[in-house]
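Proteins come first, then strands; the chains are lettered A, B, ... in the order of their sequence lines, and each starts at number 1. Atoms considered below: every heavy atom in the structure, side chains included; atoms not considered: hydrogens, waters and symmetry mates.
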Amino acid sequence: MNYWLMKSEPDAFSIDDLASRSGKREPWDGVRNYQARNFMRDDMKKGDQVLFYHSSCAEPGVVGVARVVKEAYPDATAFDPESKYFDPKSDPDKPRWFMVDIQLVRKLKRVITLAELKQNPQLEGMRLLARGNRLSVMPVEKEHFDTVLSML
DNA sequence: GCCAACGTTGGC
DNA sequence: GCCAACGTTGGC
(Lines give C-alpha, C1' and ligand atoms only; values in the text may rest on other atoms or scores of the structure.)
Protein backbone atom coordinates (compact mmCIF):
# COMPACT_ATOMS: atom_id res chain seq x y z
CA MET A 1 0.00 0.00 0.00
CA ASN A 2 1.34 3.36 -1.05
CA TYR A 3 0.40 6.83 0.12
CA TRP A 4 0.01 9.95 -1.98
CA LEU A 5 -0.95 13.59 -1.98
CA MET A 6 -2.94 15.10 -4.81
CA LYS A 7 -3.49 18.82 -5.27
CA SER A 8 -6.52 20.48 -6.70
CA GLU A 9 -7.57 24.08 -6.95
CA PRO A 10 -10.94 24.19 -5.21
CA ASP A 11 -12.20 26.73 -7.74
CA ALA A 12 -11.67 24.08 -10.38
CA PHE A 13 -12.44 20.89 -8.44
CA SER A 14 -12.92 20.79 -4.67
CA ILE A 15 -13.40 18.08 -2.07
CA ASP A 16 -17.11 18.94 -2.13
CA ASP A 17 -17.18 18.41 -5.88
CA LEU A 18 -15.71 14.97 -5.32
CA ALA A 19 -18.28 14.25 -2.60
CA SER A 20 -21.13 15.17 -4.93
CA ARG A 21 -19.96 12.97 -7.79
CA SER A 22 -21.77 9.75 -8.55
CA GLY A 23 -20.14 7.08 -6.40
CA LYS A 24 -17.94 9.86 -5.02
CA ARG A 25 -15.53 8.93 -7.77
CA GLU A 26 -13.70 11.03 -10.29
CA PRO A 27 -11.15 10.47 -13.07
CA TRP A 28 -8.10 12.57 -12.26
CA ASP A 29 -7.69 14.10 -15.69
CA GLY A 30 -5.62 17.06 -16.78
CA VAL A 31 -2.25 16.17 -15.24
CA ARG A 32 0.34 17.50 -17.70
CA ASN A 33 3.55 17.05 -15.83
CA TYR A 34 5.79 14.09 -16.55
CA GLN A 35 6.87 13.41 -13.01
CA ALA A 36 3.30 13.46 -11.76
CA ARG A 37 2.24 11.30 -14.67
CA ASN A 38 4.93 8.75 -13.93
CA PHE A 39 3.79 8.45 -10.34
CA MET A 40 0.23 7.82 -11.48
CA ARG A 41 1.11 5.53 -14.34
CA ASP A 42 3.85 3.48 -12.72
CA ASP A 43 3.34 3.48 -8.99
CA MET A 44 -0.28 4.14 -8.08
CA LYS A 45 -2.14 0.99 -7.19
CA LYS A 46 -5.74 0.26 -6.45
CA GLY A 47 -6.39 0.82 -2.76
CA ASP A 48 -3.60 3.35 -2.29
CA GLN A 49 -4.52 6.15 0.07
CA VAL A 50 -4.53 9.80 -0.99
CA LEU A 51 -4.44 13.07 0.89
CA PHE A 52 -6.66 15.50 -0.98
CA TYR A 53 -5.08 18.96 -0.93
CA HIS A 54 -6.53 22.33 -1.84
CA SER A 55 -4.02 24.66 -3.51
CA SER A 56 -4.07 28.23 -4.79
CA CYS A 57 -6.83 29.29 -2.45
CA ALA A 58 -7.42 31.29 0.71
CA GLU A 59 -6.61 28.38 3.02
CA PRO A 60 -4.35 25.86 1.33
CA GLY A 61 -4.14 22.50 3.09
CA VAL A 62 -5.31 18.92 3.39
CA VAL A 63 -9.09 18.65 3.25
CA GLY A 64 -9.85 14.97 2.83
CA VAL A 65 -8.81 11.39 2.25
CA ALA A 66 -9.42 9.48 -0.95
CA ARG A 67 -8.33 6.17 -2.41
CA VAL A 68 -7.31 4.93 -5.82
CA VAL A 69 -10.12 2.87 -7.32
CA LYS A 70 -8.84 2.52 -10.87
CA GLU A 71 -5.24 2.29 -11.96
CA ALA A 72 -3.72 4.34 -14.77
CA TYR A 73 -5.35 4.54 -18.18
CA PRO A 74 -5.02 7.08 -21.00
CA ASP A 75 -6.33 10.58 -20.30
CA ALA A 76 -8.82 11.10 -23.12
CA THR A 77 -9.01 14.87 -22.57
CA ALA A 78 -5.60 15.05 -24.27
CA PHE A 79 -7.23 13.88 -27.53
CA ASP A 80 -10.12 16.32 -27.41
CA PRO A 81 -9.50 19.63 -29.21
CA GLU A 82 -12.39 21.13 -27.24
CA SER A 83 -10.77 20.33 -23.92
CA LYS A 84 -8.59 22.80 -22.11
CA TYR A 85 -6.27 19.87 -21.50
CA PHE A 86 -5.93 19.09 -25.21
CA ASP A 87 -2.42 18.08 -26.24
CA PRO A 88 -1.98 17.53 -29.98
CA LYS A 89 1.19 15.60 -29.28
CA SER A 90 -0.67 12.88 -27.42
CA ASP A 91 -1.57 10.19 -29.94
CA PRO A 92 -4.43 7.80 -29.09
CA ASP A 93 -2.21 4.99 -30.37
CA LYS A 94 0.60 6.14 -28.12
CA PRO A 95 -0.93 8.19 -25.30
CA ARG A 96 1.32 10.63 -23.54
CA TRP A 97 -0.91 11.37 -20.54
CA PHE A 98 -2.55 9.05 -18.05
CA MET A 99 -4.98 9.34 -15.19
CA VAL A 100 -6.36 7.26 -12.33
CA ASP A 101 -9.79 7.28 -10.72
CA ILE A 102 -10.07 8.24 -7.10
CA GLN A 103 -12.92 7.91 -4.64
CA LEU A 104 -13.64 9.95 -1.55
CA VAL A 105 -13.02 8.13 1.72
CA ARG A 106 -13.86 11.03 3.98
CA LYS A 107 -13.87 14.76 4.11
CA LEU A 108 -12.03 16.11 7.12
CA LYS A 109 -13.94 18.05 9.73
CA ARG A 110 -11.63 20.99 9.13
CA VAL A 111 -8.76 22.00 6.89
CA ILE A 112 -5.34 20.97 8.11
CA THR A 113 -3.59 24.03 6.78
CA LEU A 114 -0.26 24.27 5.08
CA ALA A 115 0.82 26.65 7.84
CA GLU A 116 0.14 23.94 10.43
CA LEU A 117 1.94 21.30 8.42
CA LYS A 118 5.00 23.52 8.17
CA GLN A 119 5.07 23.92 11.94
CA ASN A 120 4.98 20.23 12.72
CA PRO A 121 8.53 18.91 13.26
CA GLN A 122 7.31 15.36 12.64
CA LEU A 123 6.71 16.33 9.03
CA GLU A 124 10.27 17.38 8.35
CA GLY A 125 11.30 16.07 4.96
CA MET A 126 7.77 15.83 3.62
CA ARG A 127 7.87 16.43 -0.09
CA LEU A 128 4.96 18.83 -0.05
CA LEU A 129 6.96 21.12 2.20
CA ALA A 130 10.14 21.03 0.15
CA ARG A 131 11.35 24.26 -1.34
CA GLY A 132 9.75 25.18 -4.63
CA ASN A 133 7.65 22.06 -4.78
CA ARG A 134 5.11 22.24 -7.60
CA LEU A 135 4.15 18.65 -8.18
CA SER A 136 0.41 18.04 -8.23
CA VAL A 137 0.79 14.32 -7.53
CA MET A 138 3.45 13.16 -5.13
CA PRO A 139 4.24 10.25 -2.81
CA VAL A 140 3.82 10.61 0.95
CA GLU A 141 5.57 8.45 3.51
CA LYS A 142 3.22 6.44 5.67
CA GLU A 143 4.55 8.09 8.81
CA HIS A 144 3.83 11.51 7.37
CA PHE A 145 0.41 10.43 6.17
CA ASP A 146 -0.50 9.22 9.65
CA THR A 147 0.96 12.32 11.28
CA VAL A 148 -1.08 14.65 9.08
CA LEU A 149 -4.32 12.89 9.96
CA SER A 150 -3.40 12.86 13.66
CA MET A 151 -3.42 16.66 13.58
CA LEU A 152 -7.19 16.82 13.25
C1' DG B 1 -0.84 41.09 -8.15
C1' DC B 2 3.91 39.78 -7.07
C1' DC B 3 7.52 36.80 -7.43
C1' DA B 4 10.41 32.61 -6.54
C1' DA B 5 10.98 28.22 -8.27
C1' DC B 6 10.72 25.03 -11.57
C1' DG B 7 9.47 22.77 -16.21
C1' DT B 8 9.38 23.08 -21.18
C1' DT B 9 10.66 24.75 -25.62
C1' DG B 10 13.52 25.68 -29.30
C1' DG B 11 17.61 27.86 -31.48
C1' DC B 12 22.21 26.88 -32.07
C1' DG C 1 23.50 18.84 -25.42
C1' DC C 2 23.47 23.63 -23.71
C1' DC C 3 20.97 27.34 -22.13
C1' DA C 4 18.09 31.54 -22.63
C1' DA C 5 13.42 32.65 -22.92
C1' DC C 6 9.11 31.77 -21.71
C1' DG C 7 5.12 29.62 -19.23
C1' DT C 8 3.11 27.70 -15.03
C1' DT C 9 2.51 26.81 -10.18
C1' DG C 10 1.24 28.31 -5.94
C1' DG C 11 2.10 30.79 -1.54
C1' DC C 12 1.73 35.15 0.20
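With hydrophobic clusters built from ILVMFWY side chains whose heavy atoms lie under 4.5 angstrom apart, A/Val50 does not share a cluster with A/Phe98. In the hydrophobic clustering of this structure, A/Val69 does not group with A/Leu104; members are Ile, Leu, Val, Met, Phe, Trp, Tyr whose side-chain heavy atoms approach within less than 4.5 Å, directly or through other members.
For A/Arg127 (side chain) and A/Asn133 (main-chain N/O), no donor-acceptor pair under 3.5 Å exists by modelled atom type. At distances below 3.5 Å, at least one donor-acceptor pair connects side-chain atoms of A/His54 with backbone N or O atoms of A/Ile15.
Near-neighbour residues of DNA chain C inside residues 78-95 of chain A, defined by a heavy atom below 4.0 Å, are absent.
Taking the six-membered ring where the residue is Trp, the centroids of A/Trp97 and A/Tyr73 are separated by 6.0 Å or more.
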**Fill in**
In B/S/- notation (B base, S sugar-phosphate only, - none; protein heavy atoms under 4.0 Å), nucleotides 3-12 of chain C written 5' to 3' is ----BBBBSS
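The aromatic rings of A/Phe52 and A/Trp28 sit perpendicular, their planes meeting at an angle over 60°, well past the 30° parallel limit.
Within a 6.0 Å radius of NZ in A/Lys45, more than 12 heavy atoms belonging to other residues, nucleotides or ligands are found.
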